[in-house]
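Structure first, commentary second.
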Amino acid sequence: QEQREAILAPCNVIVEAGAGTGKTKTLVARYLFHVLVEGFSPSQVVALTFTEKAAQEMKDRVAQELGKFLGTSLESRALRALEAVVHAPIKTFHGFAAYLLREYPVETGVDPAFSVLDEMGEGLLLEEAINGYLSAHLYSPALSHLLSRWNIFQLKRSLRLFFTSIVSESEWDEVERAALEAFSPRPSFHQELEKVRALLALKEEVEKLLVQGRCPGLFPKVLSSMEMLEYLFSRLSHEEDPVPVLTRIARELENFPSWGRCRYLRELEALKRLAPLVWEWLETREGEGFYRSFMEVARGVGSTLVRMKTREGVLSFSDLQKGLIRGLRRNRGLVEELKDRFRRLLVDEYQDTNEFQREVVCRICEERGEYAPRYQEAGLEEGKLFIVGDPKQSIYAFRGGDVAVYARTKVQLGEGAAKLLSRSFRSGSSLVEAVNALFPKVFSPSVPLPEEYVVPFSPLTTLRGGGEVWVWR
């Protein structure tokens, strides 16, 4: 019944399907519904999944199921679909992107004669670009700055990680904007400095207490420290680079005397507590400079890598999806053509997609004639999109998969779109009961998380009996 409701739903659907609940069967059945009942050609129905193997298995499964309709009232449609399904767009996201880049080279600005780099080939080319750039710019100020903190092996490892984990899933301007926001000093920093100045105005009170002989083991040290701080603040406004003076101020605040049992002027204890704020600002300032040096080197490596790819006529998996996204952002005519060309879109393993892939889905499924400024706010054509996934099985974060994309899309589709497949056809009752008892605790976050990263456990049911479960602690 759950599968039937999902397959026949007239709206856009996002199906959460636990392990063994028949998600592939449901996805294939929805595909057949589009082709045999709604009458679309397989060339108009896009089905996307995560691996080449899964895409081929889905295509084989569709062909196998279509064959079952020969000799029925739907035979003519089944025959036409069988002939067309061989070339149907049942692909991985990257395969679909490559397919469209070759179909629309003018609109996307990509030479259609490109070859696709596998992960090993991309890694080798990146290594060559890193080595080539570093060798040619060994004495540049930015590189010297980085090598004053890292050795060459740490720098190369950081560049590899940057390109494979960050640049591959983001545009340059997005990376730079996010980092600059992270390095922005807190607006309250200058207010905190003014608090230090205000507290230093109590120096006269300290001198009076000294004359009166109060806390003789404390106030001589306090007065000496306050005089040094006054001197440093007087220099601060005259220095072009405030970092050296602020470093001395932070050390002086950090070493400011502790009050102990003395009950006079305890408000001056706040000076010591302000030291971490000054250190934080200094670390931010130093981090921003280091980041700018790193980005200068990374941009150089990136330019070298682009030239090498252009020379050899190759694109990486990341280049494929970025190339398609740029085409969709720059050419509204291309977006409208794809909306008309592809009338239905099905996506498997959606829990392992990223924001680039979500943008492709949203633009192709957006209402015809519409183009929202932000794809996250696009109004989607009813009944066009069918998604299957299980956020509990999201395991490809290292390849850019982001389980939050599943949650955001679920919100975007609205109430009524979410369907749940909860009956396991694979496991016996003993295992299902054990998992249902154990895993709600496993999936409870041990630390606070943003709501879109909280994956609640959905219990399963089964009609299969038997089995025995052992749990080791």
Side-chain angles (χ1 to χ4, degrees), residues 51-52 92-95 97-98 101-102 105 108-180 182-183 283 285-326 354-357 396-402:
T51 66
E52 296 285 354
T92 64
F93 268 101
H94 296 113
L101 291 177
R102 290 192 173 103
T108 59
V110 174
D111 183 349
F114 66 83
S115 300
V116 179
L117 276 173
D118 60 18
E119 289 185 4
M120 180 178 291
E122 182 180 8
L124 291 172
L125 203 63
L126 174 59
E127 195 70 24
E128 187 178 341
I130 291 172
N131 290 335
Y133 181 83
L134 296 185
S135 297
H137 299 82
L138 197 56
Y139 299 104
S140 70
L143 191 52
S144 298
H145 186 192
L146 296 178
L147 292 176
S148 69
R149 299 296 182 90
W150 285 340
N151 61 43
I152 192 69
F153 302 106
Q154 290 172 320
L155 175 57
K156 287 183 178 181
R157 184 168 62 248
S158 298
L159 286 167
R160 282 194 295 269
L161 183 64
F162 180 73
F163 277 93
T164 56
S165 300
I166 299 177
V167 174
S168 64
E169 305 302 333
S170 309
E171 296 285 10
W172 276 103
D173 58 344
E174 295 171 353
V175 175
E176 290 187 323
R177 184 168 58 250
L180 285 175
F183 285 122
E283 289 168 4
R285 176 74 174 258
E286 173 61 21
E288 182 182 353
F290 196 78
Y291 160 77
R292 291 185 183 280
S293 295
F294 182 83
M295 285 302 296
E296 182 179 330
V297 171
R299 276 195 173 277
V301 172
S303 298
T304 303
L305 185 61
V306 168
R307 288 194 297 272
M308 293 170 67
K309 288 178 178 178
T310 302
R311 185 184 66 226
E312 298 185 22
V314 296
L315 295 176
S316 66
F317 289 156
S318 173
D319 297 328
L320 295 174
Q321 63 181 10
K322 286 184 179 180
L324 177 57
I325 287 295
R326 291 187 190 115
N354 58 38
E355 281 293 345
F356 279 145
Q357 293 159 350
Y396 284 99
F398 68 94
R399 288 184 177 175
D402 184 358

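All residue numbers in this chain count up from 1 along the given sequence.
Counting all heavy atoms, side chain and backbone alike, Phe114 lies closest to Arg102 at O-NH2, 2.8 Å. Pro105 approaches Pro112 most closely through the heavy-atom pair CB-CD, 3.6 Å. When all heavy atoms are compared, the tightest approach of Leu320 to Ala97 is O-CB, 3.6 Å. Taking each heavy atom of Leu147 and Leu155 in turn, the nearest pair found is CD2-CD2, 4.0 Å. The heavy-atom pair separating Ala129 from Val301 by the smallest distance is CB-O, 4.1 Å.
Residues Leu117 and Asp319 fail the side-chain proximity criterion, which asks for heavy atoms closer than 4.5 Å. Residues Arg307 and Ser303 meet the side-chain proximity criterion, which asks for heavy atoms closer than 4.5 Å. Side chains of Lys156 and Asn131 form a contact here, defined as non-hydrogen atoms less than 4.5 Å apart. Residues Val116 and His94 fail the side-chain proximity criterion, which asks for heavy atoms closer than 4.5 Å. In this structure, the side chains of Arg299 and Tyr133 stay at 4.5 Å or more apart for every pair of heavy atoms. Side-chain contact between Lys309 and Ser316 is present, with at least one heavy-atom pair separated by less than 4.5 Å.
Arg160 places no side-chain N or O within 3.5 Å of a backbone atom of Leu126 that could act as its donor or acceptor partner. Distance alone, capped at 3.5 Å, places no donor-acceptor pair between the Ser135 side chain and the Gly132 backbone.
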Practice prompt. Before giving the answer on side-chain contact (heavy atoms from CB on, under 4.5 Å), spell out for Tyr291 and Met295 the whole-Å C-alpha distance, their side-chain angles and the decisive distance to 0.1 Å.
Written response: CA-CA 6 Å; Tyr291 160 77; Met295 285 302 296; 3.2 Å; yes

Worksheet entry | Stepwise side-chain contact (heavy atoms from CB on, under 4.5 Å) test for Phe356 and Leu324 | CA-CA 9 Å; Phe356 279 145; Leu324 177 57; over 6 Å; no

